[in-house]
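Below is one structure, written out as structure tokens, with a few remarks after it.
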Amino acid sequence: MGKYLIKRIITGLLSVVVVVACVMIMVYSLLNRDLVFAADTTYTHQSNNQKTVYKYSKWEEYGYLDYVTYSDYLSMLVDEGEIDEDTRSSAVSFGRTADADSELVSEYVQKFTEYYESRGYTVTRLDAVMMNAKKVATGGQQQLYAYKDVPLITRLIKYFSGMITVDNIHNVEEDIGERGLTFTLYDPVYGGEKLSPAIMGNGTTHKYLLYMTSSFPFIHQNLVSINLGTSYTVNSGVDVFTTMTRSQGSYVSSTITYPSGLTEESADDLHSATYLAGSLGTSQVYATRYTDDYTSVQTVKKGASKIGYSFMIGILAVALSYLLGVPLGILMALKKDTIVDQIGTVYVIFIIAVPSLAYIFLFKAIGGKIGLPTTFDVEKLKWTMFVLPVISLALPSIASLMKWLRRYMIDQMNADYVKFARAGGLTETEIFSRHIFKNAVIPIVQGIPGSVLGALVGAIITERVYVVPGAGGLLIDAINKYDNGVIVGVTLFYALLSVISIILGDVLMSVVDPRISFTSKDR
């Protein structure tokens, strides 16, 4: 079993890499990269050469290519000690056309061109766009840059190597004083009066690396971060994992003691404080609340996260599906060809034949008529809001369980070993419990982990119809807005859940039926 699991995990992880690679090929190579500017108002307001430069700088930010300007090249030479700052200042201003370059500028433009062309870059020079003989048009300043598409293997290595990061005291580049970790039994967030252990850092990205609160799971950490990819349009500048797990809704205020000693009612979550260089000296608000540049904080909100809402609805739907689908499937098999079986068959055919959107709207209309909420309101959350989404999500799963369990049981009931057991004197109850049901339920059991973990993914149609702020529509939003970071991140999340589901399903199946073994025996 151990060898099987190791082999399956390795195979699964390789499959995840292949899936992510395929998605990256599609979004970064096959799709028109100009589409990422479809909703970019800044891009539409650019003109002439400035519009081209903005385009290439954004393509670099979105991970399409490596983009270097002539000015960046000269700064690199200064950092490496090849030229001094005076030389850089003299060489950085190149002419409106190549003929207008000074001798020094021509020398370094030539070096820039040779340096990057030898490394596979394409060097482009845009002459100034003129309104007249003396005046440059708006956005028409001369430009010189080099660019190269990021190879797939480089993109994959960079993505997976940065997926998990561990905070450390050398993350902050600025001079921050003595770097190190501090352990305290009395968290300053609570005014130093409440026994609450915490580990804080100086030089780390997060101020609090480990801390305790009164909310589940009680012990929280910022030491290890999961990075699935940065969003550029869906939730600009925020990582996909944070987008899925961050709470939603209105702010929740409480009495907060800031590092300066100031106490006030606020929704700021001081435990989320991250380093923001130079912020303390730029804002009076920061100066009255903080004593260092750990000033960037998130806020506490009353609602659950996208994954939270999706999982609550999904897990309730899974529970309802098995509570109804399994006994109804058994009943259909035991009452084969009777009115009970026929009614169940009609329901199964109805769910299969009718588009899901149609019966979801049908049940939404019926639920609205009897007074059930038909939309989700995070601010006024009531348990009745879950009823219609859960039922709508459970309907196809119930039908599937009924159909397959009925089939598996009938197959087992007609098997030869059942006839032998009956001839051996076993009662129908013993035959059913020891043999028929136990064998018929094995394929059903394998799907339980997938159903449970699938609840984290959310349901696209159901969540859209009932306005549930879940994770189901995240991938669709990303595709519509050409947000490649979110597309890749959500795909990776789905792929990992699928691999885990398959492995857990196999393990659970072997637990239910010890006869199933995943180990090979030498013969």
Side-chain angles (χ1 to χ4, degrees), residues 40-42 45 54 57-58 61 75 165 167-215 220-223 225 227 230-239 241-243 245-303 305 378-379:
D40 191 337
T41 55
T42 302
H45 287 85
Y54 178 82
S57 64
K58 282 297 179 182
E61 184 180 343
S75 297
T165 57
D167 209 346
N168 65 81
I169 60 175
H170 302 291
N171 278 358
V172 175
E173 297 180 356
E174 291 78 10
D175 183 7
I176 198 171
E178 185 177 354
R179 300 172 184 266
L181 302 178
T182 304
F183 173 77
T184 179
L185 289 173
Y186 297 91
D187 194 338
V189 170
Y190 304 113
E193 299 176 354
K194 179 180 177 181
L195 180 61
S196 182
I199 297 178
M200 298 178 290
N202 193 45
T204 51
T205 301
H206 295 86
K207 183 70 174 179
Y208 282 85
L209 302 180
L210 192 67
Y211 60 95
M212 296 181 64
T213 69
S214 57
S215 60
H220 307 267
Q221 64 87 29
N222 294 316
L223 179 62
S225 300
N227 311 297
T230 303
S231 169
Y232 300 106
T233 53
V234 174
N235 196 6
S236 182
V238 180
D239 187 81
F241 185 77
T242 304
T243 299
T245 56
R246 182 177 291 177
S247 59
Q248 307 171 90
S250 58
Y251 298 120
V252 179
S253 297
S254 60
T255 302
I256 298 295
T257 301
Y258 288 93
S260 65
L262 174 66
T263 300
E264 66 180 20
E265 292 293 315
S266 174
D268 287 346
D269 180 10
L270 298 186
H271 287 128
S272 67
T274 56
Y275 187 83
L276 185 60
S279 58
L280 194 64
T282 60
S283 170
Q284 184 61 33
V285 174
Y286 288 156
T288 58
R289 295 182 177 184
Y290 302 97
T291 57
D292 52 27
D293 283 326
Y294 286 95
T295 57
S296 179
V297 298
Q298 299 175 12
T299 51
V300 180
K301 297 182 179 180
K302 66 183 298 183
S305 63
V378 177
E379 304 302 326

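This structure is a prediction, so every number in the text was calculated from the model and none was measured.
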Scan for side-chain hydrogen bond (donor to acceptor under 3.5 Å, both in side chains) pairs involving residues 176-190, sequence neighbours excluded, and state none if there are none.
Asp187-Tyr208, Asp187-His271
For Thr255 and Glu265, run side chain to side chain donor-acceptor pair (under 3.5 Å): C-alpha distance rounded to whole Å, both residues' side-chain angles, the deciding distance at 0.1 Å, then the answer.
CA-CA 5 Å; Thr255 302; Glu265 292 293 315; 2.5 Å; yes
Can you list the residues that meet the side-chain contact (heavy atoms from CB on, under 4.5 Å) rule with [X], with sequence neighbours excluded?
X: Ser214; value: none
X: Thr230; value: Tyr232
X: Thr242; value: Val238, Asp239, Arg246
X: Glu174; value: Val172, Tyr275, Ala277

Those residues that, when tested against Lys301, pass salt bridge (Lys or Arg N to Asp or Glu O under 4.0 Å) (two or more places apart)
none
For Asp292, salt bridge (Lys or Arg N to Asp or Glu O under 4.0 Å) partners two or more places apart
Lys207
Out of curiosity, [X] [atom1] to [Y] [atom2], how far, rounded to the nearest 0.5 Å?
X: Leu209; Y: Leu181; atom1: CG; atom2: CG; result: 6.0 Å
X: Thr282; Y: Leu276; atom1: OG1; atom2: CG; result: 7.0 Å
X: Thr288; Y: Glu264; atom1: OG1; atom2: CD; result: 7.5 Å
X: Leu270; Y: Thr295; atom1: CG; atom2: OG1; result: 11.0 Å
X: Thr205; Y: Asn171; atom1: OG1; atom2: CG; result: 3.5 Å
X: Gln298; Y: Ser247; atom1: CD; atom2: OG; result: 8.0 Å

Go through the steps for Thr263 and Thr257 under the test side-chain contact (heavy atoms from CB on, under 4.5 Å), then give the verdict.
CA-CA 4 Å; Thr263 300; Thr257 301; 3.4 Å; yes
Taking [X] for the side chain and [Y] for the main chain, is one N or O donor matched with an acceptor at less than 3.5 Å?
X: Tyr211; Y: Met200; value: no
X: Ser236; Y: Thr233; value: no
X: Ser296; Y: Thr274; value: no
X: Asn235; Y: Thr243; value: no

Flag the pair [X] / [Y] as yes when at least one side-chain heavy-atom distance between them is below 4.5 Å, and no otherwise.
X: Asn222; Y: Asp167; value: no
X: Phe183; Y: Leu210; value: no
X: Leu280; Y: Asp293; value: yes

For [X], enumerate each residue passing the side chain to side chain donor-acceptor pair (under 3.5 Å) test, keeping only those at least two apart in sequence or located in another chain.
X: Ser250; result: Glu379
X: Asn202; result: none
X: Ser305; result: none
X: Tyr258; result: Ser266, Asp268, Arg289

Tightest non-hydrogen contact, residues Ser253 and Ala267, listed as OG-N, 4.0 Å
Closest heavy-atom pair, Ser225 versus His206, reported as atoms and distance to 0.1 Å, is OG-CE1, 4.1 Å
Test ring pair (Phe, Tyr, Trp, His ring centres under 6.0 Å) applied to His45 - qualifying residues, sequence neighbours left out
none
